[in-house]
Structure formats: C-alpha cells, structure tokens
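Here is the structure we will look at, set down as structure tokens.
Keep in mind that what you see is a predicted model, and the values were worked out from it rather than measured.
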Amino acid sequence: MRTLAGQGVQHKQQDVEREIVTVLETICADDTYLRPTIIVFKGRNLLKNVAPNGYMDSELALKWLEDFDQQTKGKNDLRRVLILDGHASHTSLGFLNRAEELGIHVVSYPPHTIHALQGLDVVVFASLKRHWQAVRDAREQETGLPVRKEDFILLYSAARTATLTTQLIIEAFRKTGAYPVNRGAVSTEQMVPSTETAHFTPFPAYLASPVKA
C-alpha cells in the first residue's frame with residue numbers, strides 16, 4: 001500500500017475575520033482514503049487539534065502518524081510505504097524513528113517536485129476546492145453570514161465526500177506514476193527548473209530633466 005498525504009487545503013472566510021485551517025488528507029493506492037483525524041485550527045486550548053498559526057507541527061505530525069498506523073495496519077501484512085512532502089514535521093527524528101518502529105517506510109518527494117509528483121496536488125485538490133466553494137457559498141447564501149469555525153468540519157466533510165471518489169484516487173496515483181509505477185508519467189519538461197529572468201536598468205537611472213530650456 002502506498003499513501004500520499006498532503007497539507008494544502010486552506011479555508012479562508014470571506015470577511016476580515018479570516019483564519020487558516022489545515023486539513024491533512026491521505027489517499028491510498030488501494031483506491032481508498034483515510035479519515036482526516038488531524039484538522040488544525042489556529043489557536044490555543046480551544047479544540048483538540050490546535051496550533052498557534054493553524055499549520056502542522058511536529059507534535060501533531062506524530063499524532064497523525066499513530067492514527068495512520070491504526071487505519072492502515074489491518075489492510076495487509078506488507079510493509080507500508082508513506083509518501084510525504086518534505087515539511088519539517090514529517091522529517092523530524094522523532095517522526096522517522098516512530099515510523100520505523102511501526103513498520104512504515106517514509107519516502108519524501110524531492111524539493112520543488114510536488115507540482116508534478118504529488119497526486120493530491122496534481123489531481124485531488126483542484127476538485128476539492130471546487131466542491132468546498134460550492135458548499136461554502138450555499139451555506140453563506142442560506143444564512144447570510146460567513147462560515148464560522150464551528151461550521152467548518154460539517155461543511156468540509158460534505159465537500160471531501162463529493163470529491164474523493166474511487167476514480168479520482170486512481171487517477172491521482174496514475175497521473176503521477178506513483179502506482180502503478182510509471183517512470184514515464186511525468187515528462188522531462190515538468191521537472192525542468194524554473195528559468196530566472198531579469199531586466200537590467202542602468203543605475204543611476206538617466207531621467208529626463210523636468211526643467212525646460
């Protein structure tokens with residue numbers, strides 16, 4: 001079983017009271033997805049999973065790893081392969097040591113390759129964004145108010161259920177060549193480093209005098 005985990009879904013309310021909410025989504029190569037037990041809200045001592053800035057940290061990553069183990073260890077007797085981005089919370093010594101103890105082999109994407117290699121970013125999140133906007137807009141039209149933190153989990157659950165179909169998960173792995181393994185799925189052009197461009201201006205700049213003769 002191979003698993004992709006992503007942290008790219010950010011909910012922003014439509015008024016000045018915006019807050020970041022991080023949802024750690026996981027899809028599996030057996031065409032299933034896991035329960036998103038880590039939803040990180042900004043704050044302190046407000047909810048079960050909170051962080052001062054609303055992002056993942058090393059403590060929450062370890063908590064998620066334990067839940068990942070519980071949700072996947074009964075699928076088969078094979079060693080599990082967990083494919084993650086290179087966020088610091090995923091590469092801490094504590095995280096890697098615990099993964100080894102649980103029989104989970106952690107693989108990180110090379111830097112600057114998520115856009116081409118991570119199935120969640122390449123396929124899933126665009127569809128999830130559309131479904132989220134639809135349920136959010138429907139709620140705001142119904143109530144006349146922006147979505148509140150208390151509403152987020154219910155609305156997000158509706159959006160992710162509509163998004164995470166078997167077909168979409170299969171396409172996420174297929175398009176990125178993760179499973180079935182296909183080295184030709186990602187083109188050379190997709191992996192070319194961005195080209196730096198610059199415009200050179202003489203310094204000091206030669207400006208026309210505003211004084212007329």
- Query: Should His115 and Asp121 count as side-chain neighbours, where that means a heavy-atom distance under 4.5 Å?
  - Reply: no
- On the 0 to 90° scale, with breaks at 30° and 60°, tag the Tyr156-Phe152 ring pair as parallel, tilted or perpendicular. parallel
- Supply the atom-to-atom distance Leu84 CG to Thr91 OG1, rounded to the nearest 0.5 angstrom. 9.5 Å
- Step by step, would you call Lys75 with Thr32 a side-chain contact (heavy atoms from CB on, under 4.5 Å)? CA-CA 11 Å; Lys75 291 195 173 189; Thr32 63; 2.7 Å; yes
- Quick one: closest heavy-atom pair of Phe68 and Arg80, and the distance? O-NH1, 4.3 Å
- Query: Between Ala116 and Gln190, what is the shortest heavy-atom contact and its length?
  - Reply: CB-NE2, 4.1 Å
- Does Val107 share a hydrophobic cluster with Ile114, counting links as ILVMFWY side-chain heavy atoms below 4.5 Å and allowing steps through other members? yes
- Step through the shown structure and confirm whether more than 12 heavy atoms of other residues, nucleotides or ligands are within 6.0 Å of CD on Glu66. yes
- Query: Looking at CD of Gln141 and CZ of Arg136, how far apart are the two atoms once the value is rounded to the nearest 0.5 Å?
  - Reply: 10.5 Å
- Query: Nearest 0.5 Å, what's the CZ-CG distance between Arg139 and Asp151?
  - Reply: 5.0 Å
- Message: Using 0.5 Å steps for rounding, measure from the CD1 atom of Ile169 to the CG atom of Asp31.
- Response: 7.0 Å
- Message: Can you confirm whether Leu102 sits close enough to Lys73 that some side-chain heavy atom of one is under 4.5 Å from a side-chain heavy atom of the other?
- Response: no
- Message: Nearest 0.5 angstrom please: Leu120 CG to Leu128 CG, how far?
- Response: 9.5 Å
- Message: Which heavy atom of Cys28 sits nearest to which heavy atom of Leu34, and what is that distance?
- Response: SG-CD2, 4.0 Å
- Is Leu168 close to Val123 at the side-chain level, that is, under 4.5 Å between some pair of heavy atoms? yes
- Taking all heavy atoms of Val124 and all of Ala172, pick out the closest pair and write down the distance. CG2-CB, 4.0 Å
- Do Leu96 and Leu65 sit in the same hydrophobic cluster, where Ile, Leu, Val, Met, Phe, Trp and Tyr count as joined when their side-chain heavy atoms come under 4.5 Å apart? yes
- Test item: Val23 and Arg160 side chains (from C-beta on) under 4.5 Å apart, heavy atoms: no
- Message: Side chains of Phe173 and Ile27, heavy atoms from C-beta outward: is any pair under 4.5 Å?
- Response: yes
- Interatomic distance, Thr163 atom OG1 to Tyr33 atom OH [nearest 0.5 angstrom]: 9.5 Å
- Test applied, side-chain contact (heavy atoms from CB on, under 4.5 Å); reference residue, Leu117; option that passes from Asp85, Val122, Ile83, Val186: Val186
- Query: Within a strict 4.5 Å, meaning less than it, do heavy atoms of the Thr113 and Met191 side chains meet?
  - Reply: yes
- Are Val135 and Leu154 linked, directly or through other ILVMFWY residues, by side chains that come within less than 4.5 angstrom of each other? no
- Query: Can you name the nearest heavy-atom pair linking Glu171 to Arg174, along with the distance?
  - Reply: OE2-NH2, 2.6 Å
- Task: Quick one: closest heavy-atom pair of Ser58 and Ser92, and the distance?
- Result: OG-CB, 4.2 Å
- Query: Would a 4.5 Å heavy-atom cut-off, applied to side chains only, mark Leu24 and Leu60 as touching?
  - Reply: no
- Query: Any link between Leu145 and Val21 through a network of hydrophobic side chains (Ile, Leu, Val, Met, Phe, Trp, Tyr) touching at under 4.5 Å?
  - Reply: no
- Paired with Arg98, the side-chain contact (heavy atoms from CB on, under 4.5 Å) test is passed by just one of Leu62, Asp69, Leu93, Ile104, namely Leu62
- Query: Do Phe95 and Val106 come close enough that some side-chain heavy atom pair is under 4.5 Å?
  - Reply: yes
